[in-house]
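This report concerns only the one structure given below.
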Number of protein chains: 2
Amino acid sequence: MARVLSHRNLPLLLLQAREAVLAHFRPILNHFGLTEQQWRVIRALAEAGPMEPNRIAETCQILGPSLAGVLARMEELGLVARRRLEADQRRVRVSLTAKSRALFAHVAPLVEAQYRELESAVGKQAIAQAYRTLDRLIAQFGAPVAAVALPKSPPRAGARRRRATRR
Amino acid sequence: MARVLSHRNLPLLLLQAREAVLAHFRPILNHFGLTEQQWRVIRALAEAGPMEPNRIAETCQILGPSLAGVLARMEELGLVARRRLEADQRRVRVSLTAKSRALFAHVAPLVEAQYRELESAVGKQAIAQAYRTLDRLIAQFGAPVAAVALPKSPPRAGARRRRATRR
DNA sequence: ATTAGAACGCTAACATGTTAACGAGTCAAC
DNA sequence: GTTGACTCGTTAACATGTTAGCGTTCTAAT
């Protein structure tokens, strides 16, 4: 658990914290053959009901293009169902299946139990404190902040590869 | 900035917080053609001097296999140099080049400036508070915690694909 | 009725994350 | 001196993250 460089490097510190927390839950998900993202999607749909991809994306913090693949594989595995909306053919409704609902019923209690395990080891109010701090951080950093001015012709590390036009 | 599901979901909250913070720095790195990981590596080497891959990995929170690719591309771009240690031919010493040192000299002040911008917008002690909370979180969750018992034959979402032996 | 924009989900191309396993090098026991 | 366990960096195979751009559908202005 090396922690050099963490000061004046908030993103890295958040990454390390996330890893430290997630390490306690990863074994559960692996045991059920679920990826972390699949579990986020299942959990979101189980708690909030059927949703459209863009809502899932922002809820689960997964970008659209990633989500397309995640949902495709989950559909393949029979974990979600996708159908176009009658009213608007662009939009899609994603819902859980019987299989994923059953899976959720198995996994959720274990995740909750692990949570309580951590709470009792770390202290309930320490975790509550973390929630408060993070909530505030997100709210404050979400508001617009002035961006530093960037030089016009910077020394670039690597030229961005050009995209091949598809056809 | 949707924030449903965040409660009783600490990993997701940390992910959202990280994204909220990083959003303010990503434009700088993109401007210089750097990926987030490349910047972490350059910063680490600039601050701590030459290192071996396993040290870089734990410092930058990048897993070994990912780092192998990151370093290979960075070497290709002339951002790092790799050489085997004389004493132990398994080990490697990674160091910055003149090019990446120059790049660091350009980028670091901008990152610092953006940091100060955020501090003045959010409040210095709010950020200090975040550091304290995250440090404690990492320390406490890093310590061993009892793991919940897992069922023997779980309903698996997807069978893990078998690995093809290479030869 | 037609058409320019915008919304939505998606594909494309590449970089990275994750787990397993490999291959070369080291070192200690025999 | 061989052997066998171990370390280190890496490759392999697949899932996901990231940015650009495409194609269809919808909407609104003409």
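All of these numbers come straight from a predicted model, not from anything done at the bench. Within every chain, numbering begins at 1; the chains are lettered A, B, ... in the order of the sequence lines, protein sequences first and strands thereafter.
Residues A:Arg84 and B:Leu67 each lie close to DNA chain C; by heavy-atom proximity, the contact nearer the 5' end of the strand is made by A:Arg84. Nearest-nucleotide mapping onto DNA chain C: of A:Arg91 and A:Ala68, the residue sitting toward the 5' end is A:Arg91.
Look at B:Arg93 and B:Glu86 and you find no salt bridge, because none of the NZ, NE, NH1 or NH2 atoms lies under 4.0 Å from a carboxylate O.
Donor-acceptor pairing under 3.5 Å is lacking for the side chains of A:Arg40 and A:Gln37.
Spacing between atom CG of B:Asn30 and atom P of D:dA20 amounts to 8 Å, rounded to whole angstrom units. Between the CH2 atom of A:Trp39 and the P atom of D:dT16 there is a distance of 16 Å, given to the nearest Å. In this entry the distance linking CG of B:Asp88 with P of C:dT26 reads 5 Å, nearest Å. Here the P atom of nucleotide C:dC10 and the CG atom of A:Leu63 are 14 Å apart, to the nearest Å. Separating the CD atom of A:Glu58 from the C1' atom of C:dG9 is a distance of 15 Å, rounded to the nearest angstrom. As rounded to whole Å, 13 Å separates atom P of C:dC10 from atom CD1 of A:Ile62. Taking atom CD of B:Gln89 as the reference point, atom P of C:dC27 lies 12 Å away to the nearest angstrom. Between the CG atom of B:Leu12 and the C1' atom of D:dT16 there is a distance of 16 Å, given to the nearest Å.
The side chain of A:Glu52 approaches C:dG9 more closely than any other nucleotide in the set C:dG9, C:dC10, C:dG17. Closest approach to the A:Asn54 side chain among D:dT19, C:dC8, D:dT10 is made by C:dC8 (side chain taken as heavy atoms from C-beta onward). Of the candidate nucleotides D:dG17, C:dT19, C:dC10, D:dG17 has the atom nearest to the side chain of A:Arg40.
Residue B:Ser66 places no side-chain N or O under 4.0 Å from the OP1 or OP2 atom of C:dT16. A close approach under 4.0 Å does occur between a side-chain nitrogen or oxygen of B:Thr35 and OP1 or OP2 of C:dT16. Checking the phosphate oxygens (OP1, OP2) of D:dA15, no side-chain nitrogen or oxygen of A:Gln38 falls inside 4.0 Å. Applying the 4.0 Å criterion to OP1 and OP2 of D:dG17, one finds that A:Gln61 has every side-chain N and O outside that range. In this model, the phosphate group of D:dT10 is approached by a side-chain N or O of B:Arg82 to a distance below 4.0 Å at OP1 or OP2. Considering only side-chain N and O atoms, A:Arg73 lies under 4.0 angstrom from the phosphate OP1 or OP2 of D:dT16.
Distance check: B:Gln140 CD to A:Leu118 CG gives 10.5 Å after rounding to the nearest 0.5 Å.
Contact detail for A:Ile42 and A:Leu34: the closest heavy-atom pair is CD1-CD2, 4.0 Å.
With hydrogens and angles disregarded, a donor-acceptor distance shorter than 3.5 Å links the side chain of B:Thr97 to the backbone of B:Ser100.
Nucleic acid contact class of A:Ala57 (heavy atoms, under 4.0 Å, all strands): none.
Remark: of the listed residues A:Arg84, A:Arg91, A:Arg83, A:Arg82, A:Arg91 is the sole one forming a salt bridge (charged side-chain N to carboxylate O under 4.0 Å, His left out) with A:Glu52.
Residue-to-nucleotide contacts include a donor-acceptor pair under 3.5 Å from the side chain of A:Arg90 to the base of C:dA7.
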